[in-house]
Novice: 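What follows is a single structure, and I will ask about it in a moment.
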Amino acid sequence: MTLQSSPRAFDPSGTEEFAHWLDGVRAWAGTAAPDMSGWRSGAALDLLALPVARGEGGAGAGFLATCRAFETAGEGAVLSGNNVLGGFLFAMSAHLWACQEPLLAFGTDEQRAAYLPDMMAGKVCGAFGATEDGAGSDVMSMRTRAVRTDTEGWCLNGVKTFVTNAPTADLFLVLARTSEHDSYGSLSAFLVPRSSPGLSVGSATEIVGPAGARTAVVRLADVTVGEQACLGGEGAGFAVLMHAMRHERAFILAPAVGLMAGMLRRTVEHARRRSQFGRPIATYDAVRERLVDAALHLAAAQDVLRATAGSADLDELDQARAALTKLHVSREFNALSNRLADVYGGYAMMPDTGIPQLIHDALASRFYSGTDDMQTKIIAEGLGL
Amino acid sequence: MTVDDGVLTVIREAVHKAAPAFDGDDETQLITQQVLDSLAVLKVASRLENQLGVPIRDAELLPRNFASISAMRAFLATKGC
Ligand SMILES: Cc1cc2nc3c(=O)[nH]c(=O)nc-3n(C[C@H](O)[C@H](O)[C@H](O)COP(=O)(O)OP(=O)(O)OC[C@H]3O[C@@H](n4cnc5c(N)ncnc54)[C@H](O)[C@@H]3O)c2cc1C
């Protein structure tokens with residue numbers, strides 16, 4: 001990939017060059033392996049630099065262009081039969097929205113200089129640790145603690161669960177309690193390198209979706225970090241969490257929208273090829289209706305995702321809109337998966353069709369970045385309820 | 001004691017709306033005394049944004065900027081209010 005074909009070299013908003021660059025993303029997704037080689041080749045295309053401003057060394061493409069790129073990658077993966085890439089794109093998105101984006105917003109010049117270039121280049125993989133065994137939806141009840149050391153630093157102790165990218169991450173953005181009060185300023189965020197003594201990563205947690213994403217438990221046992229590891233300063237943890245979740249909820253499902261588009265096309269092909277009672281099942285109204293319903297679910301998901309990304313480009317993305325996007329796209333994702341499964345009949349149970357994976361990926365989307373119930377609460381708040 | 005210039009009234013109203021039982025003054029420590037919890041801080045911030053037409057970035061949602069009514073006034077002054 002030459003520099004000329006990178007979005008750094010042109011204005012990506014709807015140009016022919018951007019469409020051409022997206023062809024490269026589609027081709028990458030067709031063959032990329034869900035490992036660090038795939039991570040780095042994706043980064044070489046600028047996938048991890050897309051939303052970062054040019055002044056920060058990024059591609060300056062904005063949120064809408066980033067979503068289009070991840071949608072394209074998701075669709076390209078499915079159409080090439082690279083079924084496990086959906087979750088890998090989710091993992092790249094987790095790095096982008098829950099680690100890199102808070103670093104951009106809250107990082108000092110030194111913190112950004114230390115990590116951002118390597119994160120965008122795919123040399124440093126980021127992970128975000130908020131959830132704990134006893135603190136899921138009620139994340140504010142977390143027990144991981146950071147206490148000041150005598151030497152102008154912090155000592156962290158605790159256990160984080162469900163940490164996406166943990167098996168391969170080089171950098172962990174960890175939330176910890178720095179005050180015993182259960183108040184707004186009681187959490188702080190820390191940038192903890194994997195090499196820190198006392199940090200250990202458990203073996204990958206067995207999950208059925210999203211395929212290609214890996215999560216693990218991260219243990220912090222007397223991990224000491226310097227003052228410069230604290231992101232946003234003492235007490236900024238909740239603000240960091242809100243920033244990460246606002247972006248994650250808004251954009252984490254961009255690859256899933258691509259999976260939806262790809263799987264709809266594949267299922268249409270199946271309906272045209274598969275014959276019963278002497279004619280293609282695509283000629284039966286019941287089957288056609290399911291595929292039309294799936295097309296409606298896809299359009300609804302695409303429209304809301306892209307409108308949200310457009311509003312974020314205008315700096316108008318609030319928590320309620322982000323939560324609404326997550327809830328809506330996840331619902332459409334689940335509804336489409338079930339519609340497509342019916343078109344396959346018994347073959348829906350075969351992994352090769354991609355349907356079992358699609359259903360598991362859609363199920364997972366109801367839980368990560370906050371469950372449907374949590375999104376509903378935030379949207380209700382936004383309505384003034 | 002800060003002179004009320006309208007902005008202060010908006011801040012006081014926002015705090016009362018988020019914590020109706022609040023009966024302190026402009027110097028009362030709203031966060032350490034747990035007058036405002038996490039959700040309440042977000043509510044105050046969003047009301048200030050709407051009423052004063054000034055965007056507040058996530059990186060500005062720091063405890064020190066919302067520590068008291070006076071602290072909020074000083075913070076908003078840095079944003080031209
Ligand atoms: C694939 C995947 C990747 C993830 N990656 C990360 C990551 O990288 N970093 C990270 O920190 N976390 C991560 N998570 C964790 C995720 O954020 C949590 O699973 C999520 O917040 C829900 O918490 P929980 O699983 O403990 O469920 P619980 O909080 O135990 O919820 C169980 C049920 O109770 C409901 N419930 C709970 N409280 C209420 C309430 N007050 N009102 C109504 N209903 C309620 C929930 O909605 C849900 O239906 C990941 C999760 C998954 C599945």
Novice: To check you understand the geometry: which heavy-atom pair defines the closest contact between A/G185 and B/P63, and what is its length?
Specialist: CA-CG, 3.6 Å

Novice: Verify the neighbour count for atom CZ of A/R143: are there more than 12 heavy atoms of other residues, nucleotides or ligands below 6.0 Å?
Specialist: no

Novice: Would you give the length of the straight line joining atom OG of B/S46 to atom CD of A/Q319, rounded to the nearest 0.5 angstrom?
Specialist: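 Atom-to-atom, B/S46:OG and A/Q319:CD are 10.5 Å apart.
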
Novice: Looking only at heavy atoms, what is the nearest atom pair of B/L62 and A/Y184, with distance?
Specialist: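 Between these two residues, the closest heavy atoms are C-CE2, 4.2 Å.
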
Novice: Against chain B, label A/D318 side chain, backbone, both or neither, depending on which of its atoms sit under 4.5 Å from a heavy atom there.
Specialist: neither

Novice: Verify the neighbour count for atom CZ of B/R47: are there more than 12 heavy atoms of other residues, nucleotides or ligands below 6.0 Å?
Specialist: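 Count over threshold, so yes.
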
Novice: Below 4.5 Å from any heavy atom of chain A, which atoms of B/L42 appear? Answer side chain, backbone, both or neither.
Specialist: side chain

Novice: Rounded to the nearest 0.5 Å, what's the gap from NZ on A/K377 to CG on B/L39? Could you check?
Specialist: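 Answer rounded to 0.5 Å: 8.0 Å.
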
Novice: For B/N50, is the CG atom crowded, meaning more than 12 foreign heavy atoms sit under 6.0 Å from it?
Specialist: yes

Novice: Take atom NZ of B/K17 as the centre, draw a 6.0 Å sphere, and report whether it contains more than 12 heavy atoms from other residues, nucleotides or ligands.
Specialist: no

Novice: Could you pull out the closest heavy-atom pair between A/H243 and B/D58, with the gap in Å?
Specialist: ND1-OD2, 2.6 Å

Novice: Is there a side-chain contact between B/L61 and A/F238, using heavy atoms and a 4.5 Å cut-off?
Specialist: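 No; the side chains remain at least 4.5 Å from each other.
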
Novice: Assess whether atom CG of B/D23 is packed by more than 12 heavy atoms of other residues, nucleotides or ligands within 6.0 Å.
Specialist: no

Novice: Report, as yes or no, whether the 6.0 Å neighbourhood of atom CZ on B/R57 holds more than 12 heavy atoms from other residues, nucleotides or ligands.
Specialist: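 Counting other residues, nucleotides and ligands, CZ of B/R57 stays at 12 neighbours or fewer.
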
Novice: Return the option, out of B/E60, B/R64, B/E49, B/K43, with the maximum number of heavy-atom pairs under 4.5 Å with chain A.
Specialist: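 Max contact count across the listed options: B/K43.
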
